[in-house]
Amino acid sequence: MQCSWKAVLLLALASIAIQYTAIRTFTTKSLHPCPNPNPTNCSLGQDTDGLCEESPTSAYNLSKKTHILILATTRSGSSFGGQLFNQHSDIFYLFEPLYHVQYTLVPKLSLSKSTADRRVMLGASRDLLRSLYDCDLYFLENYIKPQPVNHTTDKLFRRGASKALCSPPVCEAMGPIDVNIEEGDCMKKCGTLNLTLATESCRERGHVAIKTVRVPEVNDLRALVEDPRLNLKVIQLVRDPRGILASRSETFRDTYRLWRIWRATGRKPYNLDATQLTTVCEDFLNSVSTGLNRPTWLKGKYMLVRYEDLARDPMKKTEEIYAFLGIPIDGTVERWIMNNTRGDDSSAKHKYGTVRNSAAIAESWRLTLSYEIVEFTQNACQQVLDQLGYKMVGSVQELKNLTFSLIEDKTFSPFL
């Protein structure tokens, strides 16, 4: 009986391996050995064993589409940042499709947090991203529960956050594509999502953008960045960890209950889970260090953006992002920025809302966190705060004085 937990753990990991292998097998069953491998008709990934696609989309796979990944963490302004691509008339945007990988695999991985588990999650996530950038939305069916019937589903996570999935031809009920689409209206009017229509819509757009908070570091994306079938560019969005902590403690009240108790009572709980904070800082430090060290494999593929810079001057920063991507910015993006960055305080109440006074909210955390929590955060995250150009505070007075910005003027030039 003493070893029963080991047996349970081994069975759980075996189940994951079987499920992931089954998914990989399903997605490669239409492939056959390629007698004359070459860049125009073969899959070139290191894990395809020289298999070659039978489908007529091989030329499409090598198209000139720009594939964009917004790499962020929860409550770092990623929903706001994603809208800068969602609003573009020639970009097919998906909001957090990796949610489905996490939802399917994490319950089976919860018994262990080993390196092997991390590899399984990242391997599945990379495979899904590669397929989605190729506009193969059918791959999602492996992870959506319950599984779609006849390629239709009403279970896609936050479908309404993707303008392309809430407008013609995917949803005729929503009218013209340039209408300002509300997420709730999409869910009410569009009905089930037809993945075949979504795939066609994706292929009609010039570019594909995906936002995720479920990949810890840019180094985890190396296989995709180096994949010759893709033209992947990574926009890493970061935010002051003190602001992230304040936003999470307000949004995820149960998970961050002990932080809220500390703020309310002034006494740090003995069982506080500091990894909720330190993991963010460690991931930022590792990821940003990789990007700023400019390895050859990231050349022309990586841009670091501070949320605070985007919030203070959204038009200028958005223009810089689109210049890095080599995509012309269009009027729908400019109009969205003008209409959605000057809201009053009430517009920021929805936890995933994007209509707000962006400049004011960037440092509003200074009015909600106690100095003791800020001091603790500064000690835990000093390296990444220095690296990203966020100033420390040494007193309650400094913390609450909003006329003194904690954001240094610092330039992070794209790695061209």
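Along the sequence shown, residues are numbered consecutively beginning with 1. From a predicted model like this one, the values you see are computed outputs, not experimental measurements.
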Problem - Ring center gap for F85 and Y322 short of 6.0 angstrom - result: yes
Practice task
For the pair T332 (side chain) and Q87 (backbone), establish whether a donor and an acceptor sit closer than 3.5 Å, ignoring hydrogens and angles.
Solution key: yes
Handout entry: Heavy-atom neighbours of K188 NZ exceed 12 at 6.0 Å
Key = no
Problem - E282 backbone acceptor or donor facing N286 side chain under 3.5 Å - result: yes
Exercise for the section: Over 60° means perpendicular and under 30° means parallel, so classify the ring planes of F252 and Y256, tilted if in between. Expected result: tilted
Problem - Crowding at CE, M338 (>12 non-hydrogen neighbours, <6.0 Å) - result: no
Problem - I210 side, atom CD1; L71 side, atom CG - distance, nearest 0.5 Å - result: 12.5 Å
Handout entry: SG-SG distance C202 to C135 under 2.5 Å
Key = yes
Exercise for the section: Taking atom types as modelled, find out whether R248 and T73 have a side-chain donor-acceptor pair closer than 3.5 angstrom. Expected result: yes
Completion exercise
In this structure, CG of L402 is separated from CG of L406 (nearest 0.5 Å) by 8.5 Å
Handout entry: Reference residue Y390; test side-chain hydrogen bond (donor to acceptor under 3.5 Å, both in side chains); the match among R242, E408, E308
Key = E308
Completion exercise
dist N379:CG -> F376:CZ (nearest 0.5 Å) comes out at 8.0 Å
Handout entry: Interatomic distance, Y371 atom OH to K400 atom NZ [nearest 0.5 angstrom]
Key = 11.5 Å
Practice task
Run the ring-centre check on Y138 versus H151 and record whether the distance is less than 6.0 Å.
Solution key: yes
Exercise for the section: May I ask you to say whether E372 pairs ionically with K268, meaning some side-chain N is under 4.0 Å from a carboxylate O? Expected result: no
Handout entry: Residue pair S289 / Q387, side-chain donor-acceptor N/O under 3.5 Å
Key = yes
Practice task
Kindly give the heavy-atom pair with the smallest separation between I144 and L156, and that separation in Å.
Solution key: CD1-CD1, 4.2 Å
Handout entry: Separation of E320 CD from D309 CG (nearest 0.5 Å)
Key = 8.5 Å
Handout entry: Test log, rule side chain to side chain donor-acceptor pair (under 3.5 Å), inputs S89 and D330
Key = CA-CA 7 Å; S89 58; D330 70 2; 2.7 Å; yes
Practice task
Could you tell me whether a side-chain N or O of E319 sits under 3.5 Å from a main-chain N or O of I329, the two making a donor and an acceptor?
Solution key: no
Problem - Nearest-0.5 Å distance that lies between atom CG in D240 and atom CG in L385 - result: 5.5 Å
Handout entry: Close side-chain approach of W365 to L399, heavy-atom, < 4.5 Å
Key = yes
Handout entry: Any residue meeting salt bridge (charged side-chain N to carboxylate O under 4.0 Å, His left out) with K233, in chain and number order, not counting sequence neighbours
Key = none
Handout entry: Any side-chain donor near an acceptor of the partner, Y93 and Q83, under 3.5 Å
Key = no
Practice task
Give a yes or no on whether D254 atom CG has more than 12 heavy-atom contacts from other residues, nucleotides or ligands under 6.0 Å away.
Solution key: no
Exercise for the section: Mind telling me whether F157 and H100 have parallel, tilted or perpendicular rings, with 30° and 60° as the class edges? Expected result: perpendicular
Problem - Check: S201 side chain, A198 main-chain N or O, donor-acceptor pair, under 3.5 Å - result: no
Handout entry: Main-chain N/O of G82 paired to N86 side chain as donor or acceptor, under 3.5 Å
Key = no
Practice task
Give a yes/no verdict on a cation-pi contact between R158 and F95, requiring under 6.0 Å between NZ or CZ and the six-membered ring centre and an angle within 45° of the axis.
Solution key: yes
Practice task
Inspect cysteines C171 and C166 and report if their side-chain SG atoms are under 2.5 angstrom from one another.
Solution key: no
Practice task
Heavy atoms only: give me the nearest F324-P414 pair and the separation to one decimal.
Solution key: CD1-CB, 3.5 Å
Problem - Check: E217/T290 side-chain N/O donor and acceptor closer than 3.5 Å - result: no
Exercise for the section: For the pair D134 and R229, find out whether any cationic side-chain nitrogen is under 4.0 Å from an anionic carboxylate oxygen. Expected result: no
Exercise for the section: May I ask you to test the L232-I68 pair for a side-chain heavy-atom distance under 4.5 Å? Expected result: no
Exercise for the section: Taking all non-hydrogen atoms of both residues into account, name the closest pair between K410 and D386 and its distance. Expected result: NZ-O, 3.5 Å
Practice task
State whether the side chain of Q378 and the backbone N or O of V393 hold a donor-acceptor pair below 3.5 Å, judged by distance alone.
Solution key: yes
Practice task
Would you check if the side chain of N142 reaches a backbone N or O of F139 as a donor-acceptor pair within less than 3.5 Å?
Solution key: yes
Problem - Which residues share a side-chain hydrogen bond (donor to acceptor under 3.5 Å, both in side chains) with T275, sequence neighbours left out - result: D273
Exercise for the section: Check for a donor-acceptor pair, side chain of R306 on one end and backbone N or O of R239 on the other, with a separation under 3.5 Å. Expected result: no
Handout entry: Side-chain donor or acceptor of H67 paired with backbone N/O of N231 under 3.5 Å
Key = yes
Handout entry: Shortest non-hydrogen separation from H88 to P328 and the atoms involved
Key = NE2-O, 2.8 Å
Problem - Any donor-acceptor N/O pair, T411 side chain to S413 backbone, under 3.5 Å - result: no
Exercise for the section: Indicate whether the side chain of R75 and that of S247 have a donor and an acceptor atom separated by less than 3.5 Å. Expected result: yes
Practice task
Using a cut-off of 6.0 Å, state whether more than 12 heavy atoms not belonging to D409 lie near its atom CG.
Solution key: no
Practice task
Identify the two heavy atoms, one from P269 and one from I261, that lie closest to each other, and give their separation to 0.1 Å.
Solution key: CG-CG2, 4.3 Å
Practice task
Mind listing the closest non-hydrogen atom pair of R366 and N401 along with its distance?
Solution key: NH2-O, 2.8 Å
Problem - Check ion pair R263-E250 (N to O, under 4.0 angstrom) - result: yes
Handout entry: Exercise: do T255 and Q276 side chains pair donor with acceptor under 3.5 Å
Key = no
